[in-house]
There are 2 protein chains.
Amino acid sequence: MNRLYHVPLSPFCRKVRLVLAEKKIEVELVEERYWEQDPDFLRRNPAGKVPVLRMDGMTMAESQPICEYLEDVAPEPALLPKGAKERYEVRRLCSWFDDKFHHEVTANLLYERVNKKITKQGYPESKNVKAGARAIKYHLDYMTWLLDQRRWLAGDHMTLADFAAAAHISSLDYISDVDWNRSANVKDWYAKIKSRPAFRGLLADQVPGFPPSQQYADLDF
Amino acid sequence: MNRLYHVPLSPFCRKVRLVLAEKKIEVELVEERYWEQDPDFLRRNPAGKVPVLRMDGMTMAESQPICEYLEDVAPEPALLPKGAKERYEVRRLCSWFDDKFHHEVTANLLYERVNKKITKQGYPESKNVKAGARAIKYHLDYMTWLLDQRRWLAGDHMTLADFAAAAHISSLDYISDVDWNRSANVKDWYAKIKSRPAFRGLLADQVPGFPPSQQYADLDF
């Protein structure tokens with residue numbers, strides 16, 4: 001049986017969970033308290049991070065290489081387009097969300113508010129939370145601009161870029177940090193992706209001590 | 001004419017330069033003082049980072065998506081293997097160097113010592129420099145372990161993973177931060193990749209105020 005070591009609100013784990021579910025690859029989820037640096041876990045991934053996927057006799061780390069692998073071994077439904085330019089755009093947006101959005105938004109909001117408490121690293125730094133709250137506005141506006149020209153973030157088809165973005169957005173929505181009144185087309189985009197069967201597992205997540213926001217699992221939010 | 005906006009010691013720019021040169025794609029290099037946030041440059045890349053590659057009518061950012069694009073449009077010589085597992089291993093190591101090595105080593109050594117001065121952000125923080133000097137030892141040991149089992153970092157053929165690693169290592173060698181006595185097989189690996197024609201452009205780099213280390217351009221270091 002395939003096994004994914006993860007934590008529920010990690011956007012990188014969520015990206016991999018979404019891709020596995022979309023491609024109908026069954027996997028057993030195992031919560032991993034990676035910050036405790038358990039020697040068994042470090043043997044599985046010397047980088048000490050989640051997600052870690054055990055599949056096909058391999059123990060894989062790093063969400064983007066894992067997703068590329070899944071695309072290679074399970075090409076249907078395709079989450080990367082055929083054309084080189086279109087593939088570039090998907091990968092660029094994955095980097096955008098996993099690097100820039102992660103650094104400017106997710107780290108400042110989710111990690112300050114949730115991860116710090118769970119890993120017992122103190123209280124949220126209000127200057128970081130404020131920076132994250134400012135940055136998410138610009139990012140939602142950037143997504144609005146993309147979605148003014150395209151049906152999905154990277155083009156007219158749903159791709160890995162949509163799952164990368166939805167992974168971050170869904171974690172932030174869990175803690176009520178997405179202003180759904182800011183952009184009608186971002187809300188429409190999220191409603192479309194949120195209603196996919198692949199999303200169900202994420203919407204059932206419950207983190208002890210952090211109840212989800214009211215609209216988190218609501219498909220008509 | 002293709003054009004690459006870059007800074008000479010950026011490992012991400014170096015990775016793209018190496019891949020372009022290896023694939024014999026001609027490109028005009030333009031140094032970009034990205035930290036000055038010139039509006040023209042920000043129009044080219046809203047993320048405000050280098051490398052930015054103008055090619056095939058596109059303006060591309062993010063080194064890994066750029067390298068994947070180059071592999072798609074110029075598959076020879078191949079820098080990604082054919083098998084899914086082998087491709088995963090290449091991509092995992094690219095992430096390892098561009099994320100973990102970058103964060104633990106390059107940022108603590110190169111950015112503290114060089115970038116801070118060039119961008120007028122103050123003096124090196126000695127605690128960071130010490131952390132970087134400690135971390136590079138573990139990373140060199142990890143590379144030694146990989147190279148004990150393989151001819152190149154990701155397997156028995158040279159791949160993008162070797163260029164990702166060599167991009168970081170070469171920038172650190174420029175400022176004398178690589179201890180070449182630590183591992184004979186890392187030194188052999190670097191000697192092989194450094195002697196490739198694709199490396200020549202990098203070895204000719206000169207950063208004003210920072211003369212290269214004595215062995216930097218020496219193929220018999």
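In what follows, every chain begins at residue 1, and chains take the letters A, B, ... in the order their sequences are listed. Computation of the quantities below employed the complete heavy-atom set of this structure, encompassing side-chain atoms and omitting hydrogens, waters and symmetry-equivalent molecules.
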Undergrad: At what distance, to the nearest 0.5 angstrom, does NZ of Lys187(A) lie from OG1 of Thr144(A)?
TA: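 It comes to 13.0 Å.
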Undergrad: For Val114(B) and Leu9(B), work out which heavy atoms get closest and say how close.
TA: CG1-CD1, 4.3 Å
Undergrad: Given that the side chain runs from C-beta out, which part of Lys49(A) has a heavy atom under 4.5 Å from chain B: side chain, backbone, both or neither?
TA: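 The side chain, not the backbone.
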Undergrad: Below 4.5 Å from any heavy atom of chain B, which atoms of Asp99(A) appear? Answer side chain, backbone, both or neither.
TA: side chain
Undergrad: Among Met60(B), Glu89(B), Met58(B), which residue has the highest count of heavy-atom pairs closer than 4.5 Å to chain A?
TA: Met60(B)
Undergrad: Between chain A and each of Ala84(B), Cys94(B), Pro65(B), Gly57(B), count heavy-atom pairs under 4.5 Å; write down the option with the most.
TA: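 Ranked by heavy-atom pairs under 4.5 Å with chain A, first place is Pro65(B).
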Undergrad: Are side-chain heavy atoms of Arg92(B) and Ile66(A) found at a separation under 4.5 Å?
TA: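 Side chain of Arg92(B) against side chain of Ile66(A), heavy atoms only: no contact under 4.5 Å found.
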Undergrad: Give a yes-or-no answer on whether the side chains of Asn115(A) and Trp35(A) include a donor-acceptor pair shorter than 3.5 Å.
TA: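 No - no donor-acceptor pair under 3.5 Å links their side chains.
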Undergrad: Out of the candidates Phe97(A), Trp145(A), Trp96(A), only one should pair with His139(A) under the ring pair (Phe, Tyr, Trp, His ring centres under 6.0 Å) rule; please name it.
TA: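 Among Phe97(A), Trp145(A), Trp96(A), the one meeting ring pair (Phe, Tyr, Trp, His ring centres under 6.0 Å) with His139(A) is Trp96(A).
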Undergrad: Chain A: which of Lys85(B), Lys100(B), Glu62(B), Gln64(B) shares the most heavy-atom pairs with it under 4.5 Å?
TA: Lys85(B)
